[in-house]
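Everything below concerns the one structure shown next.
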Amino acid sequence: PTANEKYRPQFHFTPQANWMNDPNGMVYYEGEYHLFYQYYPDSTVWGPMHWGHAVSKDLIHWEHLPIALYPDSLGYIYSGSAVIDWENTTGFGSKENPPMVAIYTYHNMEAERAGANNFETQALAYSLDKGRTWKKYKNNPVLPNPELKHFRDPKVIWHEESEQWIMILAAGDRVKFYASKDLKLWSFKSDFMRDTVAQGGGWECPDLFPLKLEGSDITKWIILVSINPGGPNGGSATQYFVGDFDGSSFQPDVDTAKWLDWGMDNYAGVTWSDIPEEDGRRLFIGWMSNWQYAQEVPTESWRSAMTLPRELKLVQEKDDIIIVSNPIKEFNVLKEQHQMDYETLLSGEVPIDIKELDLNSCELNFVFEPQEASQNGHTTAFGLLLRNDEEEELKLGYNMLSKKFFMDRTNVCKAFSNPQYLSLITGDYTIQKQVKMKIIIDASSIEVFVDDGKFVMTNTIFPQDPFNQLSLFSSLGSVKIREAEFFNIKNNKT
Ligand code: FRU
């Protein structure tokens, strides 16, 4: 990367220049995954929102396309979704050439500044040429505002069982469901709200989808809902509910939400529409930043990246049903096997000979097995240390006493000293006899997937210099490294 490209991820999606936030309108059509995103093309901070646009054949290599939606007299173009209207229920296209329809929020800044309450409305735009050009619907907005300050981020799905379109949207402390036959005329169905795992934050960017429980014939309905502030480590984060949806209202299995990701930098994520049945995966991407400091991070020509695309699955975990997230299998094409080791017993701090491994663009896989009490006592913590020539240190691992995963970025502090960024980030997780860690590092981000995605933590990092030293550590007692496998990751530009 050139000087003003310092921190540019090599295999994550970033805008070519300027400000990006939420992923929007993700839809698959005729061999292409579309990714739209909240975009302000005139600055590296948030401003009048557009929908930026990119397409990919494999979710790994992206082609940037021109801006799809510009703000207009009805407002900024806030977050929303897109669907393929196969049956041409809108009449915007034909059954032979079904329209791609974007359902988004208009945020009318002037009305907001004038003190109105109804400045957020839902609207449509459509494309008949695979998303290359867009027309806004002439009778926008299609869903007027019922005097609610927060009324945004529509996610629309076709609900097979009731043969209608369902919209879930965020309204402050709850989500709302609406139904429609043609995407134009909407009727209110119900509200869903619960005490969340977080206090006081506003709900944003919801998603609603069915997911089969692995190893069963049971299908559950999932609500993803982002919340800001109130994340487990401060600021913005995403939670989910598991339950049932009948085309009208949602019933959760249990009243409390779970965190989709315990890190500080995975927000506003939702899943792709119209993935072909023969594929059948539930594919997710999130915005890899946090509203606490997103507009201040030390990148120069652009701001923010997306997470790696992830596959979400539903699994039974003792008495619980949980979502597991893992990098999509397409990511494997970028991996270059580097090094493998087995069966080392470790205590204290042990430097690893990384040879040609680039610690700033790699995947590290470990199976750790903490040992029974040794003469030093019980193992209290174990994990990894990453260092650079600036004497910065990133520490991550598992604490046996508090039963928490942690990532401490307080000593990765020279380039970015925002107090909310300088944090010890933790998340609750109970390990078994062994624990698997997959750690994916890309210039300014670390994604950790534990035990095949049962626990996930995504954080940004801004080291002054690239990391070039790796150590493993075990405090007090010892830990056995059952497996260690490292990969360099190629960039996705080739
Ligand atoms: C979430 C969000 C959305 C809104 C968008 C505006 O990050 O606040 O609720 O639509 O960003 O850019």
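All ligand and atom numbering here is 1-based and tracks the order in the structure. For the single chain, residues carry numbers from 1 onward in sequence order. Bear in mind the structure is a predicted one, so any value in this text is a computation, not a measurement.
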Open item on the list: Looking only at the aromatic ring of each residue, does the gap between the centers of His50 and Tyr76 stay below 6.0 angstrom?
Closed with: no
Open item on the list: Is it the case that the ring center of His107 lies less than 6.0 angstrom away from the ring center of Phe119?
Closed with: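 Aromatic pair counts; centres sit under 6.0 Å.
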- [ ] Please name all residues satisfying salt bridge (charged side-chain N to carboxylate O under 4.0 Å, His left out) with Arg152, sequence neighbours left out, ordered by chain then number.
- [x] Glu120, Glu204
Task: side-chain hydrogen bond (donor to acceptor under 3.5 Å, both in side chains) partners of Gln464, counting only residues at least two apart - done: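 Counting only residues at least two positions away or on another chain, Gln464 forms no side-chain hydrogen bond (donor to acceptor under 3.5 Å, both in side chains).
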For ligand 1, find each of its N or O atoms that sits under 3.5 Å from a protein N or O atom, and tabulate the pairs with distances to one decimal place.
unit_1, atom_1, unit_2, atom_2, d
ligand 1, 7 (O), Asp22, OD1, 2.7
ligand 1, 7 (O), Asp22, OD2, 3.3
ligand 1, 7 (O), Trp291, NE1, 2.8
ligand 1, 8 (O), Glu204, OE1, 3.4
ligand 1, 8 (O), Glu204, OE2, 3.0
ligand 1, 9 (O), Arg152, NE, 2.7
ligand 1, 9 (O), Asp153, OD1, 3.4
ligand 1, 9 (O), Asp153, OD2, 2.6
ligand 1, 9 (O), Glu204, OE2, 3.2
ligand 1, 10 (O), Ser79, N, 3.2
ligand 1, 10 (O), Asp153, OD1, 2.6
ligand 1, 11 (O), Asn21, ND2, 3.3
ligand 1, 11 (O), Asp22, OD2, 3.2
ligand 1, 12 (O), Asn21, ND2, 3.1
ligand 1, 12 (O), Gln38, OE1, 2.6
ligand 1, 12 (O), Trp46, NE1, 3.0

Please report, to 0.1 Å, the donor-acceptor pairs under 3.5 Å made by any side chain of residues 415-425, with sequence neighbours excluded.
unit_1, atom_1, unit_2, atom_2, d
Asn418, OD1, Gln420, N, 2.7
Asn418, OD1, Tyr421, N, 3.2
Asn418, ND2, Glu296, OE1, 2.8
Tyr421, OH, Val412, O, 3.1
Tyr421, OH, Phe462, N, 3.0
Ser423, OG, Gln420, O, 3.2
Ser423, OG, Tyr421, O, 3.2

Open item on the list: Given Phe331, which partner from the list Asn326, Ile489, Asp58 fulfils the side chain to side chain contact (heavy atoms under 4.5 Å, CB included) test?
Closed with: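 For Phe331, the side chain to side chain contact (heavy atoms under 4.5 Å, CB included) test succeeds with only one of Asn326, Ile489, Asp58, which is Ile489.
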